[in-house]
Amino acid sequence: MPELPEVETVRRGLAPSMEGALLAELELRRNDLRFPFPLEFSRLVSGRGIKSLSRRAKYLLIDLDDGMTIISHLGMSGSFRVENGTVADAPGEFHHPRSKDEKHDHVVFHLKGVNGNARVIYNDPRRFGFMDIARRADLASHPSFRDLGPEPTGNELSADYLAERFAGKAQPLKSALLDQKNIAGLGNIYVCEALWRSHLSPLRAAGSLVSEAGKPKEELPRLVDAIREVIADAIAAGGSSLRDHIQADGSLGYFQHSFSVYDRETEPCSTPGCGGTVARIVQAGRSSFFCASCQN
């Protein structure tokens, strides 16, 4: 499943072609993805101007000039590509050509822009992604967003906030961080990385980072800083783009080569002076990678 940095990378890759363009036609080549498309979806958005692209957690948001917003989730294998006769500019070094299997091109945004026409194509072999539409003013109450916690890159995320959420919780720390009601957009990869950077075990009880008085212990600010840093590094690198997640320019990112613990089972821990080995365990059906020597 693409994580927050992947979705942010897609947003940045699509923005030059989509922002300010006219959505001349939204072409739907089937009736559904994971869920059916909204009723009259194409009619509602065709002919509207695209004001801006934004992101909430792992959702891409396409704001239109009539106050409506197209909501897009990439699911397991969804990706966008831009076709306008030029090579899209995207950060990083990439190593896989984009998929050209048109049988999985399910949605086409036909755009008219000041710099010419373009097509933005949504391709999704597994069809686990979905699209919806809602008024921008009502997004906070939309079922996809109403229970989400703060963004991991926003000012709302702080040690004091997490102390309030974690107080008295015996829940493993990793599970607490993956709970989207606590922090929106964090996924398995970057939680593993943030816990390694902050030297905290994924098995540790979340409540152990909070004092009896309900205040954050010294480890909690360190964890918050690590979360911010690992997300920022991933966005700068263009996202992890694991397996078949494709960047907006059609190529895969490379941040996976910079992971410190994720998918590095049995490799030496790279913490200076540690000497430990990266281990893999399973928590709630998800792989956790960590170093038992320096994460406690």
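As a basis for the values below, the full set of heavy atoms in this structure was taken, side chains included, without hydrogen atoms, waters or symmetry mates.
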Keeping the roles fixed (side chain from [X], backbone from [Y]), state whether a donor-acceptor pair exists under 3.5 Å.
X      : Y      : value
Arg264 : Phe259 : yes
Ser201 : Gln295 : no
Glu219 : Ser198 : no
Lys217 : Ser208 : yes
Tyr161 : Asn182 : yes

OG1-CZ distance between Thr266 and Phe289, expressed to the nearest 0.5 angstrom: 10.0 Å
N-O pairing of [X] and [Y] below 4.0 Å:
X      : Y      : value
Asp105 : Arg81  : yes
Glu27  : Arg119 : no
Lys51  : Asp63  : no
Glu193 : Arg197 : no

On a heavy-atom basis, which atom in [X] and which in [Y] lie closest, and how many Å separate them?
X      : Y      : value
Pro38  : Asp132 : CG-OD1, 3.5 Å
Ala57  : Glu151 : N-OE2, 2.7 Å
Val230 : Ala194 : CG1-CB, 4.1 Å

Check whether more than 12 heavy atoms from other residues, nucleotides or ligands sit under 6.0 Å from atom [atom1] of [X], and answer yes or no.
X      : atom1 : result
Lys169 : NZ    : yes
Lys215 : NZ    : no
Glu156 : CD    : no

Do the non-hydrogen side-chain atoms of [X] and [Y] ever get within less than 4.5 Å of each other?
X      : Y      : value
Leu195 : Leu223 : yes
Met18  : Leu111 : yes
His110 : Asn117 : no
Phe109 : Val82  : no
Trp196 : Ser270 : yes
Val108 : Arg29  : yes
Tyr190 : Pro152 : no

Ring centroid separation Tyr59 to Phe145 under 6.0 Å: yes
Ring centers of Tyr122, His106 separated by less than 6.0 Å: no
In this structure, would [X] and [Y] fall into the same cluster of hydrophobic residues linked by side-chain contacts under 4.5 Å?
X      : Y      : answer
Leu53  : Leu139 : no
Val7   : Leu33  : yes
Leu162 : Val210 : yes
Phe41  : Val120 : yes

Step-by-step side chain to side chain contact (heavy atoms under 4.5 Å, CB included) determination, Ile50 to Leu64: CA-CA 5 Å; Ile50 298 175; Leu64 306 179; 4.0 Å; yes
Verdict with supporting geometry, Ser54 and Arg136, side chain to side chain donor-acceptor pair (under 3.5 Å): CA-CA 11 Å; Ser54 58; Arg136 179 75 192 197; 3.2 Å; yes
